[in-house]
Number of protein chains: 2
Amino acid sequence: MAKQINDEEVYEAVLFTLLENGYAGSTTKRIAQKAGMNEVTLFRKYGSKSELVAMAVAHLRFKFDHSPVEYTGDVKADLAKIVNSHSGVTAAHAGRLFPLIMAEMVRYPELRETMRVPHEQIKLFGGIIARYQADGVIRAGDPVLMVTTLLGPAIVNNMLRSANPELEMPPLNVPDLVDRFLNGNLA
Amino acid sequence: MAKQINDEEVYEAVLFTLLENGYAGSTTKRIAQKAGMNEVTLFRKYGSKSELVAMAVAHLRFKFDHSPVEYTGDVKADLAKIVNSHSGVTAAHAGRLFPLIMAEMVRYPELRETMRVPHEQIKLFGGIIARYQADGVIRAGDPVLMVTTLLGPAIVNNMLRSANPELEMPPLNVPDLVDRFLNGNLA
DNA sequence: CTAGAATGCAAGCGTTCACTTGCAACCAGT
DNA sequence: ACTGGTTGCAAGTGAACGCTTGCATTCTAG
């Protein structure tokens with residue numbers, strides 16, 4: 001057939017396969033099948049499995065850069081945007097890819113570069129929160145720690161939901177989550 | 001030598017190896033080496049890799065049951081106990097084992113039984129929170145969702161720290177975390 | 001129309017993995 | 001001292017995986 005292979009589609013297939021099977025479980029055969037191409041072509045175009053995965057994750061960052069989260073002065077809106085950008089409401093994979101990279105990819109030295117994507121995102125979010133702290137809107141505290149406090153519930157919620165479908169958790173309500181982050185849970 | 005093999009030590013070695021290498025990376029050879037025993041003995045005593053892992057996790061639950069978290073009427077203390085019991089301050093592995101099971105072990109059907117450990121813990125914590133909601137101390141909301149809101153920051157913080165040592169995050173302050181959970185982050 | 005590049009296909013290579021087998025060494029209880 | 005169960009050791013089995021090679025097929029550019 002010699003059809004033209006679309007890198008972007010391949011990257012999507014890689015990320016999908018990663019989320020479903022993890023890194024070790026994402027065999028090159030599986031990835032190739034999901035991408036609708038021959039396994040050999042995969043090696044010819046991308047070199048190795050680790051290189052391909054690194055490219056797919058790097059491409060994800062490229063997509064992040066084109067819809068950046070910024071400081072606007074509206075705390076609730078900005079925090080909601082931060083949560084959304086990493087909880088999967090917008091990008092299909094973002095919310096689950098983050099824990100995947102954090103919890104699993106760390107173990108494969110050849111993938112250390114992929115760590116930079118969540119790393120940079122967190123620093124970006126931390127900067128926004130620091131600015132609101134300077135404005136006197138948000139309580140003092142290490143900005144990175146604040147980011148984990150804001151994102152943690154959404155991330156763990158996603159993990160739990162995908163891990164335990166029969167737990168029947170209510171869907172994540174982002175504005176409510178931001179409200180609880182700001183105002184607490186005391187009655 | 002024919003030394004007597006201590007199951008508990010083997011389980012510890014299994015959990016340690018799991019945390020360091022994940023399930024796929026925890027080869028039977030590595031586990032045996034960590035446990036200071038022969039790989040063959042491992043198969044003879046525990047049958048298979050998946051059975052051994054299941055036993056190690058089940059044994060962890062057994063240990064949980066012997067220092068349970070309970071409702072005492074002191075919100076802050078109880079919430080802190082919940083966070084501590086899963087952030088690794090008390091049990092060496094608890095805080096990191098939770099995301100490991102959630103994010104990785106899910107993918108191996110032969111390990112589905114291990115999921116029951118975090119599942120039951122969460123339901124236990126949810127019950128305590130529900131009781132404080134009935135007391136009018138904590139805001140309304142799905143208890144399980146509240147548990148993820150409380151534990152999420154600690155879990156993600158742990159993941160981030162172990163994934164990115166050069167990020168230099170401040171150590172987790174549990175009472176402060178509980179305070180922010182209750183009172184929010186608004187200045 | 002032709003040439004070169006991209007892709008598919010079948011086969012295979014070397015390695016690692018979970019797991020097995022056969023046998024020797026050891027220890028505890030009687 | 002003997003015996004039976006536990007452990008260690010060396011070797012090996014079959015399967016899966018990452019990756020390569022050789023060759024045929026198809027698309028595209030000039």
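Lettering of chains follows the sequences in order, A, B, ..., and the numbering in each one begins at 1.
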Undergrad: Between P on D/dA11 and NZ on B/K29, what's the gap in Å once rounded to a whole number?
TA: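 Taking NZ of B/K29 and P of D/dA11, I get 13 Å after rounding.
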
Undergrad: Which listed nucleotide (C/dT7, C/dC19, D/dG8) is nearest to the side chain of B/E39?
TA: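 Comparing C/dT7, C/dC19, D/dG8 against the side chain of B/E39, the answer is C/dC19.
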
Undergrad: Measuring from atom CD1 of A/I82 to atom CD1 of A/I128, what distance do you get when rounded to the nearest 0.5 angstrom?
TA: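 So the gap between those two atoms works out to 4.5 Å.
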
Undergrad: For the pair made of CZ in A/R30 and C1' in D/dA16, what is the distance, rounded to whole Å?
TA: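 In whole Å, D/dA16 C1' lies 11 Å from A/R30 CZ.
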
Undergrad: Mind checking what makes side chain to side chain contact (heavy atoms under 4.5 Å, CB included) contact with A/A24, not counting sequence neighbours?
TA: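 Testing A/A24 for side chain to side chain contact (heavy atoms under 4.5 Å, CB included), a comparison that skips the adjacent residues, returns A/Y108, B/A24.
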
Undergrad: Enumerate the protein-to-nucleotides 11-13 of chain C contacts in which both atoms are nitrogen or oxygen and the separation is below 3.5 Å.
TA:
none

Undergrad: What about A/F98 and A/F62, same hydrophobic cluster or not, with Ile/Leu/Val/Met/Phe/Trp/Tyr joined at side-chain heavy-atom distances under 4.5 Å?
TA: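 Looking at the clustering, A/F62 is in a separate group from A/F98.
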
Undergrad: Might you point out which heavy atoms bring B/P143 and B/Q133 nearest each other, and give the distance in Å?
TA: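 Closest approach of B/P143 to B/Q133: CG-OE1, 3.9 Å.
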
Undergrad: Expressed in angstrom and rounded to an integer, what is the separation of A/I31 atom CD1 from D/dA16 atom P?
TA: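 Checked: the CD1 to P distance equals 18 Å.
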
Undergrad: Which of these nucleotides, C/dT7, D/dT6, D/dC19, is closest to any side-chain atom of A/K49?
TA: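 Of C/dT7, D/dT6, D/dC19, D/dC19 is nearest to the side chain of A/K49.
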
Undergrad: Compile the donor-acceptor pairs under 3.5 Å between side chains in residues 35-60 of chain B and protein atoms, sequence neighbours left out, one pair per line.
TA:
{"from": "B/N38", "atom 1": "OD1", "to": "B/V40", "atom 2": "N", "distance (Å)": "2.9"}
{"from": "B/E39", "atom 1": "OE2", "to": "B/T28", "atom 2": "OG1", "distance (Å)": "2.6"}
{"from": "B/Y46", "atom 1": "OH", "to": "B/D7", "atom 2": "OD1", "distance (Å)": "2.7"}
{"from": "B/S48", "atom 1": "OG", "to": "B/S50", "atom 2": "OG", "distance (Å)": "3.2"}
{"from": "B/S48", "atom 1": "OG", "to": "B/E51", "atom 2": "N", "distance (Å)": "3.3"}
{"from": "B/S48", "atom 1": "OG", "to": "B/E51", "atom 2": "OE1", "distance (Å)": "3.1"}
{"from": "B/K49", "atom 1": "NZ", "to": "B/Y23", "atom 2": "O", "distance (Å)": "2.8"}
{"from": "B/K49", "atom 1": "NZ", "to": "B/S26", "atom 2": "O", "distance (Å)": "3.2"}
{"from": "B/E51", "atom 1": "OE1", "to": "B/S48", "atom 2": "N", "distance (Å)": "3.3"}

Undergrad: Select one nucleotide: of C/dT7, D/dG18, C/dC19, the one nearest the side-chain heavy atoms of B/F43.
TA: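 Within the option list, the nearest is C/dC19.
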
Undergrad: When the distance from CD of B/Q4 to P of D/dG4 is rounded to whole Å, what number comes out?
TA: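 Taking CD of B/Q4 and P of D/dG4, I get 18 Å after rounding.
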
Undergrad: Do any pairs count as a salt bridge (charged side-chain N to carboxylate O under 4.0 Å, His left out) and have a residue in residues 105-117 of chain A, sequence neighbours left out, and if so which ones?
TA: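 Pairs touching residues 105-117 of chain A that pass the test: A/R107-B/E104, A/R116-A/E120.
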
Undergrad: Please report, rounded to the nearest Å, how far the P atom of C/dG8 is from the CE atom of A/M37.
TA: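 To the nearest whole Å, that distance equals 6 Å.
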
Undergrad: Axis-to-axis angle across the helix from C/dC1-D/dG30 to C/dT30-D/dA1, five pairs an end, to 10 degrees?
TA: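 Helix axis angle between the two ends: 20°.
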
Undergrad: With a 4.0 Å heavy-atom cut-off, tell me which residues in residues 20-28 of chain B come close to DNA chain D, sorted by residue number.
TA: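 Correct list: empty, so none.
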
Undergrad: Answer with yes or no whether B/R44 presents, from its side chain, a donor or acceptor under 3.5 Å of a partner atom in the base of D/dG5.
TA: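 No pair found.
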
Undergrad: Below 4.0 angstrom from OP1 or OP2 of C/dT7, is there any side-chain N or O of A/N38?
TA: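 Checking A/N38 against C/dT7: no side-chain N or O falls below 4.0 Å of OP1 or OP2.
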
Undergrad: Between B/T27 and B/I31, does a side chain to side chain contact (heavy atoms under 4.5 Å, CB included) hold up when you go through it step by step?
TA: CA-CA 6 Å; B/T27 66; B/I31 293 174; over 6 Å; no

Undergrad: Using only side-chain N and O atoms of B/K45, determine if any of them is under 4.0 Å from OP1 or OP2 of D/dT6.
TA: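 No, B/K45 has no side-chain N/O under 4.0 Å of OP1/OP2 on D/dT6.
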
Undergrad: How far does CG of A/L177 sit from CG of A/L172, to the nearest 0.5 angstrom?
TA: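 CG of A/L172 is found 5.5 Å from CG of A/L177.
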
Undergrad: For B/Y11, what residues pass the side chain to side chain donor-acceptor pair (under 3.5 Å) criterion, not counting sequence neighbours?
TA: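 Expected list: none.
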
Undergrad: Round to the nearest Å and state the distance from B/Y46 atom OH to C/dT20 atom P.
TA: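 Going from B/Y46 (OH) to C/dT20 (P), I get 16 Å.
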
Undergrad: How long is the straight-line distance from NE2 of B/H119 back to CG of A/N164, given to the nearest 0.5 Å?
TA: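 Going from CG on A/N164 over to NE2 on B/H119, the span is 5.5 Å.
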
Undergrad: Specify the separation, in whole Å, of atom CG of B/L42 and atom C1' of D/dT6.
TA: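 Distance check: B/L42 CG to D/dT6 C1' gives 15 Å.
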
Undergrad: For DNA chain C, which residues of residues 50-58 of chain B approach it to below 4.0 angstrom with any heavy atom?
TA: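 When residues 50-58 of chain B is checked for heavy atoms under 4.0 Å from DNA chain C, there are no hits whatsoever.
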
Undergrad: Who are the side chain to side chain donor-acceptor pair (under 3.5 Å) partners of B/R180, not counting sequence neighbours?
TA: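 Partners of B/R180 by the side chain to side chain donor-acceptor pair (under 3.5 Å) criterion, ordered by chain and then number, come out as B/D176, B/N185.
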
Undergrad: Just to verify, what does A/Y132 make a ring-ring contact (aromatic ring centres under 6.0 Å, His included) with, not counting sequence neighbours?
TA: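 For A/Y132, the residues satisfying ring-ring contact (aromatic ring centres under 6.0 Å, His included) (neighbours in sequence not counted) are A/Y71.
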
Undergrad: Can you check the B/I5 CD1 to C/dC26 C1' distance for me, whole Å?
TA: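 Spelled out: CD1 on B/I5 to C1' on C/dC26 is 13 Å.
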
Undergrad: Can you run down the salt bridge (charged side-chain N to carboxylate O under 4.0 Å, His left out) pairs that involve residues 124-143 of chain A, sequence neighbours left out, and say none if there aren't any?
TA: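 Counting only pairs at least two positions apart or across chains, the salt bridge (charged side-chain N to carboxylate O under 4.0 Å, His left out) contacts touching residues 124-143 of chain A are A/R139-B/D179.
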
Undergrad: Taking ring-ring contact (aromatic ring centres under 6.0 Å, His included) as the definition, give me every residue that meets it alongside A/F181, ordered by chain and number, with sequence neighbours left out.
TA: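 Testing A/F181 for ring-ring contact (aromatic ring centres under 6.0 Å, His included), a comparison that skips the adjacent residues, returns none.
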
